[in-house]
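This report concerns only the one structure given below.
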Amino acid sequence: MSDLLDELQWRGLVAQTTDEAALREALDGGPLTMYVGFDPTAPSLHFGNLVQLVVVRRMQRAGHHVICLVGGSTGLIGDPKPDSERVLRTKEQVADAVAAIRSQVEAFLDFDGDNPARMVNNLDWTEGISALDFLRDYGKYFRVNGMIKKDAVSARLNSDAGISYTEFSYQILQGLDYLHLFRELGCTLQTGAVDQWGNILAGVDLIRQTEGEHVHVLTTPLLTDSTGRKYGKSEGNAIWLDPAMTSPYAFYQYFLNVEDAEVVKLLKVFTDLGADQVADLEKQVREEPFRRAAQRTLAEQVTTLVHGPEATRAVQDASAALFGKGDVTVLDERTLADATAELPGGEVAVGVTITDALVASGVADSRNAARRLIAEGGVSLNNVKVGDPEAVLVEEDFLHGRVAIVKRGRKHLVAVRRSA
RNA sequence: GCCAGGUUGCCCGAGCGGCCAAUGGGAACGGACUGUAAAUCCGUCGCGAAAGCUUCCAAGGUUCGAAUCCUUGACCUGGCACCA
């Protein structure tokens with residue numbers, strides 16, 4: 001158990017802690033109770049949340065008691081963003097998101113056995129607090145002087161956008177959670193992304209002031225790529241954990257395309273590979289980058305973690321079939337069906353032009369855009385470059401009479417199905 | 001409530017009543033480039049094959065002509081007032 005913090009540090013999962021020595025001692029001293037919170041700002045968790053899940057997963061395996069908090073109340077308020085005020089979400093939206101997130105988290109932790117994780121919703125203990133009690137029991141411990149120093153808040157105070165009282169109060173609301181979990185469940189450690197540092201400390205301070213106890217915080221770094229941008233976006237869309245929002249295929253491809261400079265870091269964070277294995281893959285990246293061994297391992301393991309081994313196999317087979325040999329016309333019907341099942345696409349009848357097919361399948365936004373793409377040499381049909389925008393899709397273009405594989409650029413595949 | 005300023009394409013942001021489908025930057029997309037990534041260079045980036053059409057918060061108006069002027073409304077920001 002004593003190695004846990006070392007392990008987390010080696011994996012690059014520790015950005016900041018309160019009193020590291022005290023935390024180490026606490027972790028060594030036997031199972032402690034910790035919590036991590038997720039705000040229901042979307043109907044699914046995303047890539048960024050995965051880091052948190054990986055951390056608590058390790059915590060639980062190390063024997064600690066894990067509480068997952070879903071922010072049914074904080075989600076109604078909204079954590080201040082540095083640039084602009086959030087639009088309030090309806091209670092229904094938040095409730096739906098809470099339910100969705102709850103079921104996603106359950107896949108990562110063990111809720112049975114002799115050290116079951118626990119799931120809580122902060123709405124349960126916040127809902128009943130009256131405005132007066134809120135101000136008297138908690139507001140009194142929060143100094144505005146300190147509150148306005150928090151990064152997001154001060155950024156907003158200095159911006160044209162300003163900040164509403166609602167969002168300003170967020171940190172109190174979140175601080176209250178830690179206090180509640182400390183009192184009721186003996187929770188003495190909170191983990192979260194480093195951008196939550198300020199909010200988390202609000203809880204630590206509150207506990208110190210009301211209970212006179214020192215509790216711990218461990219934050220994880222924000223994962224950024226080599227240009228300093230946050231990870232988890234693809235084509236401007238977030239990478240979601242919900243397979244209905246980001247298909248396992250897209251999910252797998254995302255990790256397969258991770259840049260060389262970053263892949264080792266991500267391997268440490270998301271896989272269970274040990275130092276030797278990571279070093280080995282690191283060497284392969286250096287010596288034979290084109291093989292993408294590290295990326296393949298990463299993609300396989302993360303996809304398995306999130307979507308399970310079966311889905312992973314399916315997307316791997318699909319990827320191999322579509323990218324591997326080049327000649328897709330020789331694929332047998334079964335493989336073709338599996339390979340294209342995951343792809344986005346559309347339906348098109350025999351006889352329409354390739355231009356129209358591109359629009360119908362969502363490859364291009366307009367016929368003009370489709371023509372441009374073709375003129376730029378960016379479109380291929382069944383792996384053969386398309387030259388004529390007026391070319392018509394014929395019977396034979398639909399492999400096995402069903403589906404044509406359209407590629408935009410080098411790596412964006414779309415399945416154009418033949419309509420009846 | 002009063003006063004002032006603002007609202008331009010994915011984002012930021014320029015824009016003289018005609019030469020504005022609208023400068024510039026970023027993002028994105030395609031090619032060079034092979035399933036490396038990154039960088040770089042080139043190209044594209046409202047709809048339309050084109051003629052042309054529909055755009056600059058919304059609705060009216062002035063004008064031969066409006067993103068540019070006027071009116072009203074919506075929303076945003078700031079200041080003042082109210083907060084006995």
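We name chains A, B, ... by the order of the sequence lines, and we start the count at 1 in each one. Quantities reported herein were computed from a predicted structural model and do not represent experimental measurements.
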Check: A/R11 and A/V269 side chains under 4.5 Å, non-hydrogen atoms: no
Can you tell me the distance, in whole Å, between the [atom1] atom of [X] and the [atom2] atom of [N]?
{"X": "A/D365", "N": "B/G46", "atom1": "CG", "atom2": "P", "result": "11 Å"}
{"X": "A/R410", "N": "B/C29", "atom1": "CZ", "atom2": "P", "result": "12 Å"}
{"X": "A/K411", "N": "B/G31", "atom1": "NZ", "atom2": "C1'", "result": "14 Å"}
{"X": "A/L256", "N": "B/G35", "atom1": "CG", "atom2": "P", "result": "12 Å"}
{"X": "A/K407", "N": "B/G31", "atom1": "NZ", "atom2": "C1'", "result": "14 Å"}
{"X": "A/E376", "N": "B/C33", "atom1": "CD", "atom2": "P", "result": "16 Å"}
{"X": "A/L358", "N": "B/C29", "atom1": "CG", "atom2": "C1'", "result": "14 Å"}
{"X": "A/E262", "N": "B/A39", "atom1": "CD", "atom2": "P", "result": "12 Å"}

For the [atom1] atoms, the ones on [N] and on [M], what distance do you get once it is rounded to whole angstrom?
{"N": "B/C20", "M": "B/C56", "atom1": "C1'", "answer": "10 Å"}
{"N": "B/A21", "M": "B/C70", "atom1": "P", "answer": "23 Å"}
{"N": "B/G46", "M": "B/U23", "atom1": "P", "answer": "10 Å"}
{"N": "B/G18", "M": "B/G13", "atom1": "P", "answer": "24 Å"}
{"N": "B/A39", "M": "B/A32", "atom1": "C1'", "answer": "14 Å"}
{"N": "B/A14", "M": "B/C69", "atom1": "P", "answer": "15 Å"}
{"N": "B/G65", "M": "B/A50", "atom1": "P", "answer": "29 Å"}
{"N": "B/C33", "M": "B/A51", "atom1": "P", "answer": "34 Å"}

Contact under 4.0 Å: [X] side-chain N or O vs [N] OP1/OP2:
{"X": "A/H412", "N": "B/G30", "answer": "yes"}
{"X": "A/R372", "N": "B/G30", "answer": "no"}
{"X": "A/R367", "N": "B/A49", "answer": "yes"}
{"X": "A/N368", "N": "B/A49", "answer": "yes"}
{"X": "A/S366", "N": "B/G46", "answer": "no"}

Salt-bridge present (A/E262, A/K265; N to O < 4.0 Å): yes
Residues A/R183, A/E211: salt bridge by 4.0 Å N-O rule: yes
When both hydrogen-bonding distances must be under 3.5 Å and the geometry is Watson-Crick or G-U wobble, what is [N] paired with, if anything?
{"N": "B/U7", "answer": "B/A74"}
{"N": "B/C45", "answer": "none"}
{"N": "B/A32", "answer": "B/U40"}
{"N": "B/A22", "answer": "none"}
{"N": "B/G17", "answer": "none"}
{"N": "B/A27", "answer": "none"}
{"N": "B/A66", "answer": "none"}
{"N": "B/C2", "answer": "B/G79"}

Per-pair distances, 0.1 Å, donor-acceptor, side chain in residues 136-143 of chain A, under 3.5 Å, sequence neighbours excluded:
none

Sugar-phosphate only, base, or nothing, as touched by A/Q253 at under 4.0 Å among non-hydrogen atoms: base
Candidate pair A/R61 and A/D110, rule salt bridge (charged side-chain N to carboxylate O under 4.0 Å, His left out), full reasoning: CA-CA 9 Å; A/R61 281 203 212 140; A/D110 187 2; over 6 Å; no
Whichever of A/D260 and A/G409 has its nearest RNA chain B nucleotide further upstream toward 5': A/G409
Pairwise 5' ranking along RNA chain B for A/L373 and A/V359, keeping only the more 5' one: A/L373
Aromatic centroids of A/F251 and A/F47 separated by under 6.0 Å: no
ring-ring contact (aromatic ring centres under 6.0 Å, His included) involving A/Y249 - partner list, sequence neighbours excluded: none
